[in-house]
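Count residues from 1 along the sequence.
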Amino acid sequence: MMIKCMIIDDEPLSVKVIERYIADLPQLDLLATCSSAIEAMEALKLEPVDLLFLDINMPKLSGISFLRTLQNPPLVIFITAYPQYAVEGFELEALDYLLKPFSFERFLKAVNRAEKQLENAQSETAQQYVLVKADKKHYKIDFASIIYIQAYGDYVKICTNEKTLVVKDRLSNIEKSLPKDLFQRIHRSHIIALAALRFIEGNQVQVGNIKLPIAATYREELMLRLKNP
């Protein structure tokens with residue numbers, strides 16, 4: 001797999017070493033080299049990356065402080081000449097910590113860890129459908145086609161762009177099969193696809209061509225998700 005990466009380091013000699021190591025690894029695609037955290041913030045707005053090679057000791061904003069500002073940070077390999085920062089770096093769930101000067105072998109080991117973690121994450125999100133049984137048949141329902149799902153006692157109605165299926169199952173079981181970034185429970189009896197949501201009005205939401213009730217306990221959560229996707 002191709003890994004999009006960025007270097008954030010204010011030391012030219014260090015940058016040259018990292019760039020040379022990256023050039024020797026075909027799985028790495030270097031999108032940008034930034035000399036400060038402020039510059040990196042702007043670069044990440046233009047194009048997100050999978051992996052940061054992040055120096056810790058930088059002027060104005062340290063690498064650690066910069067990482068804390070990111071809401072959904074990519075994988076991070078800290079690069080520094082100061083071993084005392086290691087504990088704090090790992091507390092921020094950094095993937096690895098390279099102490100300058102480091103060898104190509106040590107660099108490659110860190111990159112291999114990043115590649116393995118990204119491959120695992122990719123495989124977890126690869127399935128784009130849920131398999132359900134209705135009318136004595138097994139249906140493959142693409143997540144993108146679902147509008148909403150409604151509970152009916154021991155049954156669940158799945159409304160899609162093409163058809164409506166009634167499945168003998170519980171809503172909580174179906175919910176476990178759904179990716180959290182695409183769906184939102186709005187009521188004890190309803191789950192909606194966020195992509196199908198048209199508007200919220202009072203205690204109702206419109207998804208597709210139907211209005212559904214939204215419970216007060218879920219309304220605030222839904223609003224926060226819409227404001228911070």
Side-chain angles (χ1 to χ4, degrees), residues 1-4 27 29 31 44-51 70-75 93 95 113-229:
M1 68 180 300
M2 186 62 71
I3 302 173
K4 295 185 292 184
Q27 68 268 44
D29 180 16
L31 298 187
L44 287 172
K45 290 177 183 177
L46 296 175
E47 187 163 12
V49 299
D50 304 308
L51 176 64
L70 301 180
Q71 287 189 341
N72 297 296
L75 295 180
E93 299 183 354
L95 182 70
R113 290 185 63 190
E115 187 172 18
K116 183 176 180 180
Q117 188 159 324
L118 288 168
E119 286 175 348
N120 290 341
Q122 191 177 66
S123 64
E124 289 175 3
T125 58
Q127 183 168 305
Q128 298 297 317
Y129 63 88
V130 61
L131 195 65
V132 298
K133 185 176 181 181
D135 306 323
K136 298 181 180 180
K137 300 175 184 177
H138 288 89
Y139 290 88
K140 176 175 166 284
I141 307 296
D142 292 336
F143 293 140
S145 72
I146 297 174
I147 299 173
Y148 70 93
I149 305 170
Q150 183 174 353
Y152 279 108
D154 291 333
Y155 290 82
V156 172
K157 181 172 74 172
I158 303 176
C159 180
T160 76
N161 295 322
E162 301 173 352
K163 55 183 172 286
T164 297
L165 294 174
V166 177
V167 180
K168 186 172 174 54
D169 206 338
R170 302 192 69 83
L171 188 65
S172 57
N173 291 335
I174 297 293
E175 186 176 19
K176 293 174 184 177
S177 305
L178 304 174
K180 294 181 180 180
D181 59 324
L182 300 181
F183 295 88
Q184 171 69 44
R185 184 186 279 265
I186 61 166
H187 189 275
R188 61 185 178 85
S189 300
H190 295 94
I191 295 172
I192 64 168
L194 291 173
L197 176 64
R198 292 189 176 183
F199 60 81
I200 303 170
E201 184 178 23
N203 63 350
Q204 290 186 318
V205 300
Q206 176 139 348
V207 286
N209 296 317
I210 190 170
K211 288 185 178 180
L212 299 173
I214 179 169
T217 53
Y218 294 105
R219 193 179 193 282
E220 183 178 354
E221 181 181 349
L222 177 60
M223 293 299 295
L224 284 173
R225 289 194 64 180
L226 295 176
K227 290 178 180 178
N228 301 285

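Under the side chain to side chain contact (heavy atoms under 4.5 Å, CB included) criterion, P48 pairs with no residue, sequence neighbours left out. Residues satisfying the side-chain hydrogen bond (donor to acceptor under 3.5 Å, both in side chains) test with K140, not counting sequence neighbours, are D142. For A215, the side chain to side chain contact (heavy atoms under 4.5 Å, CB included) partners are H187, T217, Y218, not counting sequence neighbours. Scanning for side chain to side chain contact (heavy atoms under 4.5 Å, CB included) contacts around L182 gives F143, P179, with sequence neighbours left out. Evaluation of the side-chain hydrogen bond (donor to acceptor under 3.5 Å, both in side chains) rule for K136 yields no partner, not counting sequence neighbours. With sequence neighbours left out, the salt bridge (Lys or Arg N to Asp or Glu O under 4.0 Å) criterion links K45 to E42.
Annotation: side chain of I147 is in contact with side chain of N161 (closest heavy-atom distance under 4.5 Å). When side chains are defined from C-beta on, L165 counts as touching Y139, because their heavy atoms get closer than 4.5 Å.
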Mind running side chain to side chain contact (heavy atoms under 4.5 Å, CB included) on V166 and Y152 for me, showing each step along the way? CA-CA 9 Å; V166 177; Y152 279 108; 5.9 Å; no
Under the side chain to side chain contact (heavy atoms under 4.5 Å, CB included) rule, what do I146 and F183 come out as? Steps first, then yes or no, please. CA-CA 9 Å; I146 297 174; F183 295 88; 3.7 Å; yes
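The side chain to side chain donor-acceptor pair (under 3.5 Å) pairs that include a residue from residues 163-175 are D154-R170, D169-N173, E175-R185, where partners are two or more places apart or lie in different chains. For the salt bridge (charged side-chain N to carboxylate O under 4.0 Å, His left out) condition, no pair includes a residue of residues 212-222, sequence neighbours left out.
From I158, atom CD1 reaches atom CD1 of I141 across 6.0 Å, with rounding to the nearest 0.5 Å. In this structure, the separation between CG on D29 and NZ on K4 is 8.0 Å, given to the nearest 0.5 Å. Rounding to the nearest 0.5 angstrom, the gap separating the CG atom in L131 from the NE2 atom in H138 is 6.0 Å. Annotation: the span from L226 atom CG to M223 atom CE amounts to 6.5 Å, rounded to 0.5 Å. Residue L178 holds its CG atom at 8.5 Å from CG of L171, rounded to the nearest 0.5 Å. Taking CG of L44 as the reference point, atom CG of L70 lies at 6.5 Å (rounded to 0.5 Å).
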When the side chains of residues 189-207 are checked against the rest of the protein, which donor-acceptor pairs come out under 3.5 Å, sequence neighbours left out?
unit_1	atom_1	unit_2	atom_2	d
H190	NE2	Q150	NE2	3.4
R198	NE	G208	O	3.1
R198	NH1	G208	O	3.4
R198	NH1	N209	OD1	3.4
Q206	NE2	G208	O	3.3

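In terms of heavy atoms, M1 sits closest to Q27 at O-CB, 3.5 Å.
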